[in-house]
Amino acid sequence: MKTGYEANNGILGKVQGQYVAEAIQSLPSPDPGSPQFLTAEVDAGWVGRVRIRFQLLKHRHHKSVHYFWSAEFAEPVSPGPTDHPIATTNQVDPST
């Protein structure tokens with residue numbers, strides 16, 4: 001059983017920001033019609049290939065609304081051929 005931060009966000013804390021940014025670039029533009037959760041796979045340097053789950057979030061300031069992707073969980077992926085980040089549009093249940 002995992003404890004501490006790994007229980008909440010997996011190995012996300014070990015993935016450098018440049019790799020999270022690379023994964024975000026593979027996702028569709030965030031907008032109100034986007035799914036709540038998306039995943040992307042990316043090579044994350046010394047950590048290896050990881051699958052990162054992103055959540056669609058909304059920020060409001062007066063009448064302005066801004067949607068954005070926020071990384072919330074990362075897990076290692078078994079080794080395989082890797083060239084580019086791959087975004088998947090499966091609906092992911094965050095409780096798993």
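Starting from 1, each residue takes its place in the sequence as its number.
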Peer 1: side-chain contact (heavy atoms from CB on, under 4.5 Å) with Q18: which residues, sequence neighbours excluded?
Peer 2: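 Residues passing side-chain contact (heavy atoms from CB on, under 4.5 Å) with Q18: Q16.
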
Peer 1: Over all heavy atoms of both residues, which pair between A71 and L12 is shortest? Give the atoms and the distance, please.
Peer 2: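 Shortest heavy-atom contact: O-CD2, 3.7 Å.
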
Peer 1: Quick one: CG on L38 to CH2 on W69, what's the gap to the nearest 0.5 Å?
Peer 2: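 It comes to 4.0 Å.
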
Peer 1: Which heavy atom of V47 sits nearest a heavy atom of K14, and at what distance?
Peer 2: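 For V47 and K14, the tightest heavy-atom pair comes out as CG2-O, 3.3 Å.
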
Peer 1: OH/Y67 to CG/L56 distance, rounded to the nearest 0.5 angstrom?
Peer 2: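 Taking OH in Y67 and CG in L56, the distance rounds to 7.5 Å.
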
Peer 1: Going from NE2 on H61 to NE2 on H59, what distance comes out if it is rounded to the nearest 0.5 angstrom?
Peer 2: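 One finds 6.5 Å between NE2 of H61 and NE2 of H59.
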
Peer 1: Atom OG1 in T39, atom CD in E72: separation rounded to 0.5 Å?
Peer 2: 11.0 Å

Peer 1: Measuring only between side-chain heavy atoms, which start at C-beta, is I52 closer than 4.5 Å to F73?
Peer 2: no

Peer 1: How about Y19 and V50: do any of their side-chain heavy atoms sit closer than 4.5 Å?
Peer 2: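 Sidechains of V50 and Y19: no contact.
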
Peer 1: Can you name the closest pair of heavy atoms from S26 and A40 and give their distance?
Peer 2: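 It is OG-CB, 3.7 Å.
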
Peer 1: List the atom of V77, the atom of R51, and the distance in Å for their closest heavy-atom pair.
Peer 2: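 Minimum heavy-atom contact is CG2-N, 3.4 Å.
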
